[in-house]
> 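Next up is a structure, given as structure tokens.
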Amino acid sequence: MTTIDMAVAHPGYAGLRWFRRFVAAGFVLNAAFFVPGLFAPRMLEGWADLGITNTVHWLQNVSLLLIIVSLLYVPVIRDPFRYLFVTFLVVGGRFAAGTLFLFGVLFMDYPEGMRILAWSDIALSLIQAALLYRMLREGDPRAGD
């Protein structure tokens, strides 16, 4: 029985269920950026106020890297206890990205459109961190009582 099945079978593991949901929400948030970034980068530049550049290659490259990073979410959604190191990377990485975007907007002349990316990443990572803490306090459902 996987951690997913155990969490559903045991209602005492709400932290695990909610953590998995918010990691999945992070994947969707990433996809909302990388899909247009890869296939319609000019549209994303205008929509997100990222600044118009003379080349879209940087945005397509970032989108491809974000796809690779987002693939790490899959094992975390499936079994965060088994892939605990990756679980911490997912939460910490999102916080680091949000912090970089915020500092970039405030001190490094990043476009204003990065502000929404900063706050969404920081907010989501703080929620994920709180749920990760709760999940760890509740323990792995496979460990028993």
> For Asp79, is there an ion pair with Arg20 - N to carboxylate O distance below 4.0 angstrom?
no

> Is there a side-chain contact between Thr87 and Phe81 (heavy atoms, below 4.5 Å)?
no

> Enumerate the salt bridge (Lys or Arg N to Asp or Glu O under 4.0 Å) contacts for residues 59-74, please, sequence neighbours excluded, ordered by first and then second residue.
none

> Going by heavy atoms in the side chains, are Leu132 and Phe88 under 4.5 Å from each other?
yes

> Between Phe33 and Val74, is there shared hydrophobic-cluster membership here, with clusters defined by ILVMFWY side-chain heavy atoms closer than 4.5 Å?
no

> Among the clusters formed by ILVMFWY side chains lying less than 4.5 Å apart, do Leu65 and Leu44 turn up in the same one?
no

> Quick check on the hydrophobic clustering: are Leu100 and Trp119 connected, directly or via other members, by side-chain heavy-atom contacts under 4.5 Å?
yes

> Working to the nearest 0.5 angstrom, can you tell me the gap between Ile77 CD1 and Phe19 CZ?
9.0 Å

> Can you give me the closest heavy-atom contact between Ala25 and Leu124, atom names plus distance?
C-CD2, 4.4 Å

> If hydrophobic clusters are built by linking Ile, Leu, Val, Met, Phe, Trp and Tyr wherever their side-chain heavy atoms come under 4.5 Å apart, do Leu106 and Met108 end up in the same one?
yes

> Which pair of heavy atoms, one from Val105 and one from Pro111, lies closest together, and at what distance?
CG2-O, 3.7 Å

> Does any part of the side chain of His57, heavy atoms only, come nearer than 4.5 Å to the side chain of Val62, both counted from C-beta?
no

> Atom CG of Leu38 and atom CG of Leu64: how far apart are they, to the nearest 0.5 Å?
6.5 Å

> Once salt bridge (charged side-chain N to carboxylate O under 4.0 Å, His left out) is applied, do any residues pair with Arg134, and if so which ones, sequence neighbours excluded?
Glu138

> Are any of the side-chain heavy atoms of Val35 and Phe39 separated by less than 4.5 Å?
yes

> How close do Gln128 and Arg94 get, counting heavy atoms only, and between which atoms?
OE1-CD, 4.0 Å

> What pair of heavy atoms forms the shortest contact from Leu84 to Leu136, and how long is it?
CD1-CD2, 4.0 Å

> With sequence neighbours excluded, tell me which residues meet side chain to side chain contact (heavy atoms under 4.5 Å, CB included) with Phe101.
Ala97, Tyr110, Met114, Leu117, Ala118, Asp121

> Rounded to the nearest 0.5 Å, how far apart are CD1 of Ile67 and CZ of Phe27?
8.5 Å

> What heavy-atom pair brings Leu16 and Pro141 nearest, and what distance separates the two atoms?
CD2-CG, 3.7 Å

> For residues Phe34 and Gln60, determine if any side-chain heavy atom of one lies less than 4.5 Å from a side-chain heavy atom of the other.
no

> Indicate if Tyr83 and Leu89 have the same hydrophobic cluster label, given that clusters are the connected sets of ILVMFWY residues with side-chain heavy-atom separations under 4.5 angstrom.
no

> Quick one: does Leu102's side chain get under 4.5 Å of Ile122's, heavy atoms only?
yes

> Is any side-chain heavy atom of Pro80 closer than 4.5 Å to a side-chain heavy atom of Met135?
yes

> Please report the shortest heavy-atom distance between Ser125 and Phe95, naming the atom on each side.
OG-CD1, 3.2 Å

